[in-house]
Amino acid sequence: MEYLNAKDILPIDLLEQVKKYAAGKCLYIPQNEDDMKLWGELSGYRKQLRKRNRMIINKFQYGITIEELSKEYFLSEETVKKIVYSRKKAKELLFYPYIESAKEYDEHGLLEEWIHTYLLFERKNKVFSDGLYLEERYYIGPIMMPVDFFHRSSGPEEGMKWHVDERVFEERANSWMDKLKCDEKVPPLIISYFDNTFEINCNSPLHEALVRMNVKEFLVIIWITNQKDYEDFKQKYGKYVKFDYN
């Protein structure tokens, strides 16, 4: 049996209560027989812990303080320090707002954490990030798909879901075109899939730049909310991504 530090698991208030009765002692907390966890469930817990720690590290690297992280994640400041100052974890994975970084995060099973870090600190779009957290999502990517599959949801045209000033939109589209022409690093498009429809949620001006430059395919991240749409995506667009059908 593996021993865990109570500071890493218990809320601060509960930890203080436990200390009154068993400070410095090793405790065994039995499970209810009808609530025994299988190894897969334990593995799921470890995965969630790793995902949480990655977001803590990324937020710290973007200037969120130890105190703020302690309050947000209900951890002691000492625990947060151990997480963010761990040399092993710091070297494990670095965040950059580019396709290459998203690929690396995906290889480590942390694509969702890349997306939230990108939205929070590069796009300054906390509303979008918080909205994604409201439900479990499927995240696929980055994968190469045809550019003409996707349609903008924002822009200067009438009827757009999100209207953007024409001058601002043109400046952004031209800026992306300059970056693409110079072969600079760029982020993937972030796109939702629902009811056989793709919607660009992030970087519509980048998509416009790709269209104007006649780029046929580009790397995208697809997010899907329900299993029905996920299965539908696999059936119709499975050739663009490697799925485990077992």
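We're numbering straight along the sequence, starting at 1. Quantities reported herein were computed from a predicted structural model and do not represent experimental measurements.
Rounding to the nearest 0.5 Å places CZ of Arg52 at 10.5 Å from CD1 of Ile57. Interatomic distance, Cys182 SG to Met177 CE, rounded to the nearest 0.5 Å: 11.5 Å. Between the CD1 atom in Ile190 and the OG atom in Ser204 there is a gap of 11.0 Å [rounded to 0.5 Å]. Taking NZ of Lys181 as the start and CG of Asn174 as the end, the distance is 8.0 Å to the nearest 0.5 Å. Taken from CH2 in Trp162 to CD1 in Ile200, the straight-line distance is 14.5 Å, to the nearest 0.5 Å. In this structure, Glu78 CD and Leu75 CG are separated by 12.0 Å, a value rounded to the nearest 0.5 Å.
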Problem set entry | Pair His108-Arg54, side chain to side chain contact (heavy atoms under 4.5 Å, CB included): steps then yes or no | CA-CA 11 Å; His108 285 77; Arg54 175 47 50 187; over 6 Å; no
For this session: Assess whether side chain to side chain contact (heavy atoms under 4.5 Å, CB included) is satisfied between Tyr62 and Leu120, documenting all intermediate values.
Result: CA-CA 10 Å; Tyr62 270 91; Leu120 286 171; over 6 Å; no
Exercise. Can you list the steps and then say if Ile99 with Lys185 is a side chain to side chain contact (heavy atoms under 4.5 Å, CB included)?
Worked result: CA-CA 7 Å; Ile99 288 170; Lys185 293 181 178 180; over 6 Å; no
For this session: For Arg152 and Glu208, run salt bridge (Lys or Arg N to Asp or Glu O under 4.0 Å): C-alpha distance rounded to whole Å, both residues' side-chain angles, the deciding distance at 0.1 Å, then the answer.
Result: CA-CA 8 Å; Arg152 291 188 282 109; Glu208 181 65 16; 3.2 Å; yes
Exercise. Asn53 and Tyr73: side chain to side chain donor-acceptor pair (under 3.5 Å), yes or no, with the steps?
Worked result: CA-CA 10 Å; Asn53 290 352; Tyr73 289 93; over 6 Å; no
Problem set entry | Residues Ser154, Met160; criterion side chain to side chain contact (heavy atoms under 4.5 Å, CB included); working and verdict | CA-CA 5 Å; Ser154 66; Met160 281 289 177; 5.6 Å; no
For this session: Check the pair Glu170 / Arg212 against salt bridge (Lys or Arg N to Asp or Glu O under 4.0 Å), numbers first and verdict last.
Result: CA-CA 12 Å; Glu170 284 298 316; Arg212 293 180 185 182; 2.7 Å; yes
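Inspection of the Asn214 and Lys216 side chains reveals an N or O donor paired with an N or O acceptor under 3.5 Å.
For the pair Arg50 and Leu110, the minimum side-chain heavy-atom distance is below 4.5 Å. Leu94 has its side chain out of reach of Tyr105: every pair of non-hydrogen atoms, C-beta onward, lies at least 4.5 Å apart.
Formation of a donor-acceptor pair under 3.5 Å by the Asp229 side chain with backbone atoms of Asp195 is found in this model. Without hydrogens or angle criteria, Asp106 side chain to Ala102 main chain gives no donor-acceptor distance under 3.5 Å. Side-chain N or O atoms of Lys124 include one that pairs as donor or acceptor with a backbone N or O of Phe121 at under 3.5 Å. Asn203 places no side-chain N or O within donor-acceptor distance of the main-chain N or O of Leu206, the cut-off being under 3.5 Å. A donor-acceptor contact shorter than 3.5 Å is absent between the side chain of Arg123 and the backbone of Cys202. For Gln48 (side chain) and Tyr45 (main-chain N/O), no donor-acceptor pair under 3.5 Å exists by modelled atom type. When atom types are taken as modelled, the side chain of Ser101 and the backbone of Tyr96 share a donor-acceptor pair closer than 3.5 angstrom.
Note: the hydrophobic cluster containing Ile222 also contains Val186 (ILVMFWY, side chain heavy atoms under 4.5 Å, direct or indirect links). The cluster map of Ile, Leu, Val, Met, Phe, Trp and Tyr, joined by side-chain heavy atoms under 4.5 Å apart, puts Val127 and Tyr133 in different clusters. Cluster membership for Phe74 and Leu14, using ILVMFWY side-chain heavy atoms within less than 4.5 angstrom, is not shared. Leu93 and Leu69 fall within a single hydrophobic cluster, where Ile, Leu, Val, Met, Phe, Trp and Tyr side chains are chained together by heavy-atom contacts under 4.5 Å. By the criterion of side-chain heavy atoms lying less than 4.5 angstrom apart, applied directly or through intervening Ile, Leu, Val, Met, Phe, Trp or Tyr residues, Ile12 is not grouped with Ile56; the two fall into different hydrophobic clusters.
Between His207 and Phe218, the gap from one ring centroid to the other reaches at least 6.0 Å. Here the two rings, on Tyr138 and Trp223, have centers that are 6.0 Å apart or farther.
Nearest heavy atom pair, residue Ala209 against residue Leu180, reads CB-CD1, 4.1 Å. The shortest non-hydrogen separation linking Pro97 to Glu122 is CB-CG, 3.6 Å. The two residues Ser153 and Glu199 make their nearest non-hydrogen contact at CB-CG, 3.6 Å. Pro187 and Tyr118 make their closest contact through CG-OH, 3.4 Å (heavy atoms, listed as atom of the first residue, atom of the second, distance). Scanning all heavy atoms of the two residues, the minimum distance from Met55 to Thr117 falls at SD-OG1, 3.6 Å. For the pair Met145 and Phe149, the tightest heavy-atom approach, listed with the atom from each and the gap, is CE-CD2, 3.8 Å.
The pair Lys71-Glu67 meets the salt-bridge criterion, with a side-chain N (NZ, NE, NH1 or NH2) lying under 4.0 Å from an Asp/Glu carboxylate O. Salt bridge status for Glu113 with Lys51: present, with a side-chain N to carboxylate O gap under 4.0 Å. Comment: Glu100 does not engage Lys103 in a salt bridge, judged by the lack of any side-chain N to carboxylate O separation of less than 4.0 angstrom. Taking the charged nitrogens against the carboxylate oxygens, Lys19 and Glu16 do have a contact shorter than 4.0 Å, which makes a salt bridge. Using a cutoff of 4.0 Å between basic side-chain nitrogens and carboxylate oxygens, Lys59 and Glu72 are scored as salt-bridged. We find that Arg167 and Glu171 are joined by a salt bridge, their nearest charged nitrogen and carboxylate oxygen being less than 4.0 Å apart. A salt bridge does not link Lys228 with Asp232: none of the charged nitrogens is closer than 4.0 Å to a carboxylate oxygen.
If you run side-chain contact (heavy atoms from CB on, under 4.5 Å) between Ile221 and each of Ile115, Ile140, Asn201, only Ile115 comes through.
Within a 6.0 Å radius of CD in Glu136, other residues, nucleotides and ligands contribute 12 heavy atoms or fewer.
Sorted by first then second residue, the ring-ring contact (aromatic ring centres under 6.0 Å, His included) pairs that include residues 171-198, not counting sequence neighbours, are Phe150-Phe198, Tyr193-Phe198, Tyr193-Phe233, Tyr193-Tyr237, Phe198-Tyr237.
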